[in-house]
Amino acid sequence: MGEAARPAVFTIPVGRAFADALVEGILAQHGGSPLSLARGLILLPTNRAVQALHQAFVRRAETGLLLPRMAAIGDIDLDESIGAALESLDPAIPPAIDPLKRQAMLARLIQTAAMNDDPAAMPAAAAMRLARELGRTRDQLLIERIEPSRLNDPDLGDLAEHWNVSLEKLHALLTVWPMMLADMGKVDLAERRNILLDRLATRWADTPPPGFVIAAGIDSTAPAIAGLLKTISRMPQGQVVFAALDADMPDEEWAEIAKGSDGRALEVHPQHHLQLLLGQMGSGKAEVVLWPGSAAAAQSPRAQLARLTFLPARFTGAWEK
């Protein structure tokens with residue numbers, strides 16, 4: 001099966017409740033066939049979003065519904081539920097190390113490194129706290145696929161010497177840890193999720209699933225997630241639905257967010273991450289269309305107010321109109 005001729009990318013504007021609007025559109029497309037609905041899969045950012053969508057389906061289930069499968073793929077606390085929800089992809093994927101065991105092993109590494117400076121400088125409780133933060137740092141580097149060497153990039157001015165000392169220790173720990181994992185035949189949970197999502201995107205690109213697949217409300221720019229959304233948007237029965245992406249924003253304002261007058265992106269703008277994600281998906285704002293039933297909400301006073309509120313500074317003259 002080939003790719004869709006045009007990426008199926010939609011947005012639900014701020015004037016509508018996202019979960020209810022999403023369910024309304026899904027039922028309009030697939031509600032006529034209970035089996036078609038049951039064969040579908042909806043990918044959401046968090047477990048909380050899964051619960052909200054389930055409740056929205058219940059509110060519309062007048063005579064009962066066979067609900068599509070739902071899976072959270074964007075939670076910071078990555079867990080094995082994603083593997084079960086998206087089906088077993090490859091038994092050869094190494095298992096993830098238990099988070100508590102990882103923290104304990106990292107704590108021992110930190111204590112060992114500290115002993116070179118002061119044998120009494122690192123109590124067990126402090127080492128466990130630092131191990132938790134080190135684990136979070138490693139997870140973020142894995143999720144964003146950032147090489148540890150890039151931590152050298154920031155120019156910290158007067159803090160540069162202090163930063164370099166800390167960075168040397170961080171590099172040593174981040175270099176030793178992967179070797180320890182390899183000896184155990186395990187991987188970090190974040191890396192296992194990357195592998196799962198990459199292989200899922202590859203498989204779906206070759207053989208799309210028989211039912212519909214909708215990725216909804218996801219704004220993470222993590223490469224593995226962006227790659228999967230790109231594949232979904234181009235599958236015959238795939239759709240990506242953004243929350244509050246302003247597809248009607250004038251091109252000049254959209255360009256200002258990407259690169260302001262000082263040459264830097266407006267990273268605090270609520271459209272910035274959606275803009276980055278669209279780019280990683282190989283799509284543009286012109287390809288984003290309103291989710292069915294959302295036309296009125298896009299022109300509502302609430303939507304217009306939101307658009308004016310977040311105008312880039314160079315365009316705030318529109319407030320006087």
Side-chain angles (χ1 to χ4, degrees), residues 7-19 21-22 42-50 52-53 72-78 82 136-137 139-146 150 153-154 190 193-194 197-198 201 214-233 239-291 294 298 303 305-315:
V9 186
F10 300 83
T11 182
I12 295 175
V14 294
R16 298 200 70 191
F18 185 82
L22 183 64
I42 305 173
L43 304 182
L44 297 152
T46 63
N47 288 319
R48 183 176 180 179
V50 170
L53 191 63
I73 67 170
D75 271 328
I76 295 176
D77 296 327
L78 308 170
I82 185 175
R136 289 175 179 170
T137 298
D139 283 342
Q140 288 304 311
L141 291 175
L142 288 170
I143 290 170
E144 299 296 336
R145 290 181 174 160
I146 297 174
R150 286 186 56 190
D153 292 347
R193 188 184 74 163
N194 283 346
L197 295 177
D198 285 345
I214 297 174
I218 299 169
D219 62 3
S220 171
T221 57
I225 292 179
L228 180 59
L229 296 189
K230 179 178 180 179
T231 296
I232 292 171
S233 71
Q239 296 173 316
V240 174
V241 186
F242 291 115
L245 188 149
D246 189 357
D248 293 329
M249 178 180 287
D251 291 341
E252 285 187 346
E253 295 176 20
W254 188 258
E256 183 79 4
I257 295 172
K259 188 176 182 180
S261 55
D262 59 356
R264 294 183 295 180
L266 303 182
E267 296 182 2
V268 297
H269 197 283
Q271 298 292 313
H272 175 67
H273 266 73
L274 296 174
Q275 187 181 73
L276 287 179
L277 181 52
L278 263 183
Q280 288 179 302
M281 291 170 56
S283 298
K285 178 172 66 69
E287 295 173 311
V288 181
V289 297
L290 288 172
W291 185 245
S294 299
L305 178 60
R307 185 174 294 122
L308 288 172
T309 299
F310 294 108
L311 278 174
R314 192 160 63 90
F315 299 92

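Start at 1 with the first residue, then count along the sequence.
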**Report entry** Working for side chain to side chain contact (heavy atoms under 4.5 Å, CB included), residues Leu142 and Arg193
**Finding:** CA-CA 10 Å; Leu142 288 170; Arg193 188 184 74 163; over 6 Å; no
Report task. Would you check if Phe242 and Asp219 make a side-chain contact, meaning some heavy-atom pair closer than 4.5 Å? Result -> no
Report summary line: By salt bridge (Lys or Arg N to Asp or Glu O under 4.0 Å), Asp248 pairs with (sequence neighbours left out) none
Query raised in the report: Which pairs, with at least one residue in residues 266-291 and sequence neighbours excluded, count as a ring pair (Phe, Tyr, Trp, His ring centres under 6.0 Å)?
Result: Phe10-Trp291
Requested in this report: For Phe18, enumerate each residue passing the ring-ring contact (aromatic ring centres under 6.0 Å, His included) test, keeping only those at least two apart in sequence or located in another chain.
Outcome: none
Report task. Working to the nearest 0.5 Å, report the span between CD1 of Ile73 and CG of Leu44. Result -> 8.5 Å
Requested in this report: Would you sort out whether Thr137 and Gln140 count as a side chain to side chain contact (heavy atoms under 4.5 Å, CB included), showing the intermediate values?
Outcome: CA-CA 5 Å; Thr137 298; Gln140 288 304 311; 6.0 Å; no
Query raised in the report: Which pair of heavy atoms, one from Thr231 and one from Ala201, lies closest together, and at what distance?
Result: CG2-O, 3.5 Å
**Report entry** Straight-line distance of Ile225 CD1 to Ile218 CD1, nearest 0.5 Å
**Finding:** 6.5 Å
**Report entry** For the student: nearest non-hydrogen atoms of Pro45 and Gly217, plus distance
**Finding:** CG-O, 3.4 Å
Query raised in the report: In Å and rounded to the nearest 0.5 Å, what is the CD1 to OG distance from Ile214 to Ser233?
Result: 13.0 Å
Query - Which atom of Leu274 lies closest to which atom of Ala243, heavy atoms considered - result: CD1-O, 3.8 Å
Query - Test side-chain contact (heavy atoms from CB on, under 4.5 Å) applied to Arg136 - qualifying residues, sequence neighbours left out - result: Arg132, Glu133
Query raised in the report: Rounded to the nearest 0.5 Å, how far apart are CG of Asp198 and CG of Leu228?
Result: 9.0 Å
**Report entry** Shortest non-hydrogen separation from Leu53 to Ala19 and the atoms involved
**Finding:** CD1-O, 3.8 Å
Query raised in the report: Are the side chain of Gln271 and the backbone of Asp246 linked by a donor-acceptor contact shorter than 3.5 Å?
Result: yes
Query raised in the report: Which salt bridge (charged side-chain N to carboxylate O under 4.0 Å, His left out) pairs, counting each pair once, include a residue from residues 7-18, with sequence neighbours left out?
Result: Arg16-Glu24
Which pairs would a plain distance check flag for residues 275-286, meaning a side-chain donor or acceptor within less than 3.5 Å of a matching protein atom at least two apart in sequence or in another chain?
from	atom 1	to	atom 2	distance (Å)
Gln275	OE1	Ala258	N	3.3
Gln275	NE2	Trp254	O	2.8
Gln280	NE2	Thr221	O	3.2
Lys285	NZ	Met249	O	2.9
Lys285	NZ	Asp251	OD1	3.1

Query raised in the report: What's the shortest heavy-atom distance between Ala216 and Leu22, and which atoms?
Result: CB-CD2, 3.5 Å
